[in-house]
Amino acid sequence: ICHLFLRTDTKPFPLQLLFFIIHAMTVNTDTNALPFPWDKIRLPETVKPQHYDLLIHPNLTSLTFTGVVQILIEVEQDTRAIILHSKNLQISKAQLLGSRHPQDLQTSEFEAYEQIALFSDGFTFEKGNHVVHLEFYANLSDSFHGFYKGRYTTNSGEVRMMASTQFEPTHARAAFPCFDEPAFKANFTIRVRRESRHISISNMPKLRTVEMADGLLEDQFDTTVKMSTYLVAFIISDLQSISKKSQHGVEISVYTVPEKISQAEYALNTAVTLLDFYDDYFDIPYPLPKHDLAAIPDFQSGAMENWGLSTYRESGLLFDPEKSSSSDKLGITKVIAHELAHQWFGNLVTMQWWNDLWLNEGFAKFMEYVSVNITHPELQVDDYFLEKCFTAMSVDSLTSSHPISTPVENPAEISEMFDDVSYRKGACILNMLRDFLTPEAFKYGIIHYLKTHSYQNTVNAHLWESLTNASYHSRLKLDGFCSKSRAESPASKWFMEDSVDVQAIMDTWTLQEGFPLITVEVKGQEVTLKQERFLREANSSKTSNFLWQVPLTYITSHSSAVQRFLLKSEKDVLYLPKKVDWIKFNVDLRGYYIVHYKSGGWDALINQLQQNHSVFSSNDRASLIHDIFQLVSIEKIPLDKALNLSLYLSKESEIMPVTQGFNELVPLYKLMEKRNMEELENQLKGHLVKLFKTLIDRQSWSDDGSVSERMLRNYLLLFACIRRYPSCISTATRLFQQWKESDGKMWLPTDVSLVVYTEGARTDEGWDFLLEKYKRSVSPSEKWIIKAALSYSPLAHKLQWLLERTIEGEIIKTQDLPSLVISVSKNPKGFKLAWDFLKTSLLAVETPIDPKIRLLKTDQNQMQCVESQTLSHTMAVLTQDSHCGEVCHSLCCCHLDHF
């Protein structure tokens with residue numbers, strides 16, 4: 001074990017997996033104990049649940065719960081024992097219910113695999129249906145998963161308790177004994193006992209409430225559709241709700257703590273719009289009569305797609321029109337779109353096993369952009385999709401990356417699948433496939449996939465089969481690979497007589513890690529193409545034998561019409577109709593690859609950018625910036641050429657090229673900052689301010705403009721103030737002083753409030769004032785902005801205090817600990833503090849960490865430029881979502897990393 005943990009020849013050994021192995025080695029070592037009747041971590045496939053009748057009774061005073069479950073099972077072949085999951089549950093009674101009288105069953109537990117066995121000496125469970133009855137009890141969990149306790153404090157200071165669930169991926173077994181694997185779908189009839197001061201909600205509508213003899217109330221819910229255990233949910237609380245019916249007749253409600261119910265309206269209207277959109281888009285009615293969205297005060301994941309009852313962080317659902325920013329609105333809309341997409345992708349059709357988690361998460365991530373682009377065009381969501389691909393590439397370019405579809409077995413390995421590869425790379429390759437097949441064929445294929453496999457489990461091949469069929473059967477008018485007009489283009493190598501084997505293409509993207517670097521060399525009308533794996537380190541064993549089928553797109557100086565070429569081999573050649581000045585591949589970042597232009601190719605593109613950058617779309621400009629600096633990192637391009645390209649940014653005004661410019665240029669002076677190269681550092685900082693000075697000076701301190709313009713304003717003004725640009729400092733200082741003198745009652749434009757608060761947090765007095773406002777605020781958006789400003793302060797003693805208070809969970813919730821540590825680590829005054837805190841305080845206590853907040857598998861030797869990335873990757877919040885990521889990674893809360 002020590003060798004595995006300390007080895008340096010391979011990727012870091014996951015800590016969770018290490019603990020799992022240690023635990024497995026220390027359980028059931030009593031030589032006198034009977035051997036457990038099952039030796040595999042996966043359950044037998046010969047016993048399948050059909051229906052659960054579940055009664056749950058939490059006690060919010062003692063913080064315990066009791067339960068009873070009756071499971072109708074189908075035994076496909078005779079067996080001596082029934083194996084199912086149970087974790088930290090005390091089984092007080094186990095019986096087999098028969099036509100005459102119950103038969104007592106014995107139980108045996110194998111803690112390492114979180115399994116129990118039900119059996120009786122000399123008894124065989126014969127082929128057919130049986131009903132097992134189990135009674136159990138346990139403590140409500142202290143973590144943020146399973147059936148766990150939560151609390152919130154009212155404005156009057158009263159602490160109120162609640163209990164809620166978070167079962168994905170493997171925590172339903174901690175709430176009730178069950179067959180806790182996604183393929184074991186069943187129906188659930190749920191009852192919840194509670195005190196009269198509370199309510200309960202679950203996946204299905206409540207049928208009735210029955211008063212019990214002891215004065216308790218029992219809520220009885222309708223039976224669910226057939227679904228996996230990780231989608232079961234129930235909440236016992238005093239939450240309040242507002243409701244509205246969708247056009248298709250679905251009752252939609254948003255639940256919050258009573259004092260925040262006024263912030264629920266935007267989420268309600270958004271959910272109604274999006275659910276109706278998906279209903280029409282997928283041509284499959286949402287199958288439940290209601291859908292609830294609940295904002296949970298103690299919730300570490302960003303959100304969870306429980307069927308009929310999706311759950312969210314408060315900051316991911318609640319919108320305060322007076323205090324929430326444009327980025328808050330964008331983030332909330334995307335999170336709701338993501339979870340509602342799961343009602344079809346994940347809930348209606350579910351991956352067979354967790355190795356294909358991307359079928360759930362990649363699709364939901366992709367569909368959030370498709371849906372929001374159509375339903376909320378004013379949010380300009382398309383501007384931000386390429387950033388997801390850049391983020392995925394930064395992880396996927398390391399030797400420690402993994403294929404999208406990766407074999408996993410135990411809970412620790414399953415938890416590691418909730419990462420940028422499953423979420424963001426999954427979405428990016430789906431976007432590439434949609435462009436390859438055309439949107440119409442892609443839509444036709446996924447509708448066929450969902451209808452064919454409703455209430456079932458699938459593997460990759462089922463999706464590829466549906467999309468292959470769609471390419472043949474859809475009659476398309478738009479140009480594309482399945483279109484005759486495109487196939488006959490002289491610059492295209494795609495012809496209708498070629499078969500479209502989607503599986504053959506997509507297996508190259510899902511069954512191997514990484515992505516290709518496409519090298520382009522133009523000689524006259526001949527374009528030579530070569531592909532190899534893009535890798536940030538020299539390792540021939542990790543680059544050889546990698547080959548992708550790459551749907552290339554390109555435009556030229558002669559024509560802005562998008563041309564296409566399917567690269568199937570390591571090298572190939574395409575021919576242009578005439579000579580061109582330049583050629584640009586990966587149009588609008590439709591593909592998941594990086595491009596290198598040889599023999600003057602980069603020079604021609606740089607020249608075009610400097611002469612007239614608007615020839616390229618803003619996404620193309622951002623991708624050129626991204627690609628050239630990635631090539632610098634692997635020494636394919638000299639740094640001076642990349643810097644030469646960046647000079648055009650003085651004329652740039654669009655959000656994605658500007659922010660990508662910051663992403664690539666700031667790490668250069670961060671490197672100098674960490675290595676005490678003060679003169680060079682100041683020169684580069686001054687150069688950056690000068691580069692963007694014209695754009696900064698054009699910014700108003702208001703909420704005017706489009707969403708992208710408002711987010712860019714926030715970004716630029718924060719950069720200017722942190723870099724001590726005089727006009728920015730004076731305005732921010734004046735506004736903070738006025739706001740402070742009004743005791744926080746003066747209205748500030750929401751999109752510049754972070755800038756103002758950050759300037760105020762530079763003094764002890766201002767920092768303390770902000771902290772008091774944080775304590776009193778009931779707006780999740782405002783609290784998030786203030787917390788970010790506090791962590792950006794240059795006052796080291798305040799940063800230390802902030803970290804220490806968060807571990808206590810009183811002022812700043814423990815659920816915010818990972819993001820806070822990351823934020824402090826990106827502060828030049830806080831990196832060492834965060835690192836020391838991580839080594840001493842955090843590792844010395846047992847802090848509940850959700851599976852979707854993971855240790856990113858990263859070789860620290862490969863960290864580029866910014867040393868704080870090591871700590872950031874260690875504490876990465878993926879919320880991806882990653883579930884959490886769509887709120888936690890909105891532009892406003894990632895700013896400091898860029899400045």
Look only at the side chain of [X] and the backbone of [Y], and say whether a donor-acceptor pair between them is shorter than 3.5 Å.
X: Asn619; Y: Ala622; value: no
X: Asp396; Y: Met393; value: no
X: Ser397; Y: Ser394; value: yes
X: Ser471; Y: Thr468; value: no
X: Arg621; Y: Phe616; value: yes
X: Asp588; Y: Ser617; value: no
X: Ser401; Y: Gly514; value: no
X: Lys651; Y: Gln610; value: yes
X: Gln531; Y: Ser569; value: yes
X: Ser422; Y: Phe418; value: no

Minimum-distance pair of heavy atoms, taken over all atoms of [X] and [Y]:
X: Glu654; Y: Leu712; value: C-CD2, 4.3 Å
X: Ala364; Y: Ala341; value: CA-CB, 4.2 Å
X: Ser557; Y: Val580; value: OG-CB, 3.5 Å
X: Tyr278; Y: Ser371; value: OH-OG, 2.9 Å
X: Leu609; Y: Leu624; value: CD1-CD1, 4.2 Å

Inset, instruction - Could you walk me through whether Arg590 and Val562 pass side chain to side chain contact (heavy atoms under 4.5 Å, CB included), step by step? - result: CA-CA 11 Å; Arg590 299 181 188 184; Val562 179; 3.9 Å; yes

Legend entry - Validation row, ring centre Phe345 to ring centre Phe366 under 6.0 Å: no

Legend entry - is_close_aromatic(Tyr593, Phe515), centroid dist under 6.0 Å: no

Would you call the rings of [X] and [Y] parallel, tilted or perpendicular, where under 30° means parallel and over 60° means perpendicular?
X: Phe390; Y: His626; answer: parallel
X: Trp548; Y: Trp509; answer: tilted
X: Trp602; Y: Tyr597; answer: perpendicular

With side chains defined as the heavy atoms from C-beta onward, is the minimum distance between [X] and [Y] less than 4.5 Å?
X: Val349; Y: Trp344; answer: no
X: Thr510; Y: Trp464; answer: yes
X: His342; Y: Met367; answer: no
X: Ile655; Y: Tyr384; answer: yes
X: Leu643; Y: Leu665; answer: yes
X: Leu437; Y: Val502; answer: yes

Legend entry - Flag if over 12 foreign heavy atoms under 6.0 Å of CD, Glu635: no

Inset, instruction - Under the side chain to side chain contact (heavy atoms under 4.5 Å, CB included) rule, what do Thr659 and Met711 come out as? Steps first, then yes or no, please. - result: CA-CA 10 Å; Thr659 55; Met711 292 174 69; over 6 Å; no

Inset, instruction - Could you give me the CA-CA distance, side-chain angles and deciding distance for Ser708 and Ser706, then say whether side chain to side chain donor-acceptor pair (under 3.5 Å) is met? - result: CA-CA 5 Å; Ser708 289; Ser706 68; 5.1 Å; no

Inset, instruction - Taking only Lys NZ, Arg NE, NH1 and NH2, and the carboxylate oxygens of Asp or Glu, determine whether Asp703 and Arg713 approach each other closer than 4.0 Å. - result: no

Inset, instruction - Any chance you could lay out the side chain to side chain contact (heavy atoms under 4.5 Å, CB included) test for Val707 and Lys329, step after step, and finish with the verdict? - result: CA-CA 9 Å; Val707 169; Lys329 179 176 283 189; 5.9 Å; no

Legend entry - Separation between CD of Glu652 and CG of Leu647, rounded to the nearest 0.5 Å: 13.5 Å

Inset, instruction - Show your working on side chain to side chain contact (heavy atoms under 4.5 Å, CB included) between Phe565 and Thr553 and close with a plain yes or no. - result: CA-CA 6 Å; Phe565 188 93; Thr553 56; over 6 Å; no

